[in-house]
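Here's the structure we're looking at; comments come further down.
Just so you know, these numbers come straight off a predicted model, no measurement behind them. For the single chain, residues carry numbers from 1 onward in sequence order.
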Amino acid sequence: MMKPRVVVTRRWPAAVERILVERFDATLNTNDVPLGQDQIKAAFRDFDAILPTVSDKLPRDVFPDSDSRTRLIANYGVGFSHIDIDAARERDIVVTNTPGVLTDCTADIAMSLLLSVARRTGEGERQLRAGEWKGWCPTHMIGTKVSGKTLGIVGMGRIGKAMAQRAHFGFGMKIVFHNRSRVDDEETRAMGATQLATVEDVLAQADFVSLHCPGGAENRHLINASRLAAMKPGAFLINTARGDVVDEQALITALKDRLIAGAGLDVFAEEPKVPEALTRLENVVLLPHLGSATEETRVAMGMKAVDNLTAFFEGRTVPDRVV
Ligand code: DGY
């Protein structure tokens, strides 16, 4: 029997690529240059499955009107706002993602950003490396205490809860959160976390606001100028979700005007472009989308995609189907 033809849009961990090559007629991207829109269009004609990731864009106009050989898009990553899922649904193309395996590592990065921006570790390291540190003194580089403060979570899914657990059990933080549907489970109760009706309610109480909701049209610029103004004056914003959830220009203004105290960002609206104005600010910590970037997690993400592909082509129920 012919093996399904699959195309991988970027380099994946070597252990996963080996399995892909064994099980499928896999075309790998050995030089790791992102595919252009024309190459993605052509892939729908030539491959049974496309294995994209967050650095690809699959808007409606790359989907073929007819003659799609592709029946499965197995995304490497949990977020899939870079794929037009309505266009996939209309063509009966199944879309899968890789949830669960990146929860801890993404929450770890959110917590590191929170600690770094509050305790000014980026600034401190830059000063030291530049040879500008004049020595210890009682007024040097004073930050904000984290322990015991209030953390506001926007989007209390797997990663939001993992972040809340770190903050509550590790740092004694009080947890408030907003989530569109009601969250009432043992994990959330154990943290004494309080669900609030609106994002504004969270902003009014939180010393730190951490975003864990999906990207895409529904949450575009959820944090805009008026919501930044509604944050407490000494508060910090942490974003490990998607860049487009925050209006970056409004954030830059709020940071410059000290409407909020600082921000820790792992994601940006136009990755890998980062607004130059952000890079010039001291009260931000900026990371190059490292949320899931550990050996264990990146391999596990690949294995989830392999499981989805294998189940699909064996005619079994696909574990992580989003469409
Ligand atoms: C995710 O899984 O969504 C991460 O942001 C990396 O893609």
Please check: side-chain N/O of [X] versus main-chain N/O of [Y], any donor-acceptor pairing under 3.5 Å?
X	Y	answer
Asp266	His289	yes
Ser68	Pro64	no
Arg5	Asp46	yes
Lys3	Glu22	yes
Asn308	Asn97	yes
Gln39	Gly36	yes
His178	Leu196	yes
Ser210	Ile153	no
Asn239	Leu265	no

Side chain to side chain contact (heavy atoms under 4.5 Å, CB included) against [X], all qualifying residues, sequence neighbours excluded:
X	value
Thr188	Met156, Lys161, Phe177, Val183, Asp185, Ala193
Ala261	Phe236
Asp86	Arg60, Asp84, Arg89, Glu90
Ala293	Leu290, Arg298

From the options [options], select the one residue that forms a side-chain contact (heavy atoms from CB on, under 4.5 Å) with [X].
X	options	answer
Phe24	Thr27, Leu20, Val21	Leu20
Ile238	Leu211, Val209, Val117	Val117
Leu151	Lys174, Met111, Met163	Met163

Non-hydrogen atoms of [X] and [Y] that approach each other most closely:
X	Y	answer
Ile40	Val62	CG2-CG2, 4.1 Å
Phe208	Val146	CZ-CG2, 4.1 Å
Cys105	Thr294	SG-OG1, 3.3 Å
Val245	Cys213	CG1-SG, 3.8 Å
Ala241	Val267	O-CG1, 3.6 Å
Met301	Gly77	CE-CA, 3.6 Å

Kindly assign one of parallel, tilted or perpendicular to the pair Trp12 and Tyr76, based on the angle between their ring planes and the thresholds 30° and 60°.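 Rings of Trp12 and Tyr76: tilted, as their planes differ by 30° to 60°.
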Output all residues satisfying side chain to side chain donor-acceptor pair (under 3.5 Å) with Thr240, sequence neighbours left out; order by chain, then residue number.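 Expected list: none.
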Who passes side chain to side chain donor-acceptor pair (under 3.5 Å) against Thr121, sequence neighbours left out?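 Scan of Thr121 (side chain to side chain donor-acceptor pair (under 3.5 Å), adjacent residues dropped) gives Ser116.
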What pairs meet the salt bridge (charged side-chain N to carboxylate O under 4.0 Å, His left out) rule with one or both residues in residues 98-120, with sequence neighbours excluded?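 Checked against salt bridge (charged side-chain N to carboxylate O under 4.0 Å, His left out) - neighbours excluded - the pairs reaching residues 98-120 are Asp104-Arg166, Asp108-Arg166, Arg120-Glu123.
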Would you list the pairs meeting salt bridge (charged side-chain N to carboxylate O under 4.0 Å, His left out) in which at least one residue belongs to residues 241-250, sequence neighbours left out?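 Matches after skipping sequence neighbours: none remain.
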Would you say the side chain of Gln165 lies within less than 4.5 Å of the side chain of Ile175, judging by non-hydrogen atoms?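 Side-chain contact under 4.5 Å: no.
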With side chains defined as the heavy atoms from C-beta onward, is the minimum distance between Phe63 and Ile83 less than 4.5 Å?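 Touching, per the 4.5 Å side-chain cut-off.
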Atom [atom1] in [X], atom [atom2] in [Y]: separation rounded to 0.5 Å?
X	Y	atom1	atom2	result
Thr9	Asn75	OG1	CG	8.5 Å
Leu222	Arg220	CG	CZ	12.0 Å
Glu200	Leu203	CD	CG	6.0 Å
Arg45	Ser66	CZ	OG	11.5 Å
Glu282	Arg280	CD	CZ	12.5 Å
Leu115	Phe171	CG	CZ	4.5 Å

Under a 4.5 Å side-chain heavy-atom rule over Ile, Leu, Val, Met, Phe, Trp and Tyr, are [X] and [Y] clustered together?
X	Y	answer
Val274	Leu237	yes
Leu287	Ile159	no
Phe312	Val323	no
Val285	Leu259	no
Phe268	Leu251	yes

Taking salt bridge (charged side-chain N to carboxylate O under 4.0 Å, His left out) as the definition, give me every residue that meets it alongside [X], ordered by chain and number, with sequence neighbours left out.
X	result
Glu186	Arg189
Asp320	Lys304
Asp307	none

Could you check Asp201 against Gln205 for side chain to side chain contact (heavy atoms under 4.5 Å, CB included), going step by step and ending with a plain yes or no? CA-CA 7 Å; Asp201 293 336; Gln205 292 193 28; 5.7 Å; no
Could you give me the CA-CA distance, side-chain angles and deciding distance for Val154 and His212, then say whether side chain to side chain contact (heavy atoms under 4.5 Å, CB included) is met? CA-CA 6 Å; Val154 179; His212 299 284; over 6 Å; no
Dump the intermediate steps for side chain to side chain contact (heavy atoms under 4.5 Å, CB included) on Phe44 and Ile93, then the final yes or no. CA-CA 10 Å; Phe44 279 96; Ile93 297 174; 3.9 Å; yes
Using the side-chain hydrogen bond (donor to acceptor under 3.5 Å, both in side chains) rule, pick out the option among Asn29, Thr53, Asp32 that qualifies with Arg10.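 Per the side-chain hydrogen bond (donor to acceptor under 3.5 Å, both in side chains) rule, the option paired with Arg10 is Asp32, out of Asn29, Thr53, Asp32.
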ring-ring contact (aromatic ring centres under 6.0 Å, His included) partners of Phe313, counting only residues at least two apart: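 Partners of Phe313 by the ring-ring contact (aromatic ring centres under 6.0 Å, His included) criterion come out as none, since no residue qualifies.
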Determine, step by step, whether Leu278 and Leu255 satisfy the side chain to side chain contact (heavy atoms under 4.5 Å, CB included) criterion, reporting the C-alpha distance in whole Å, the side-chain angles of both residues, the deciding distance to 0.1 Å, and the verdict. CA-CA 9 Å; Leu278 272 180; Leu255 289 163; 4.0 Å; yes
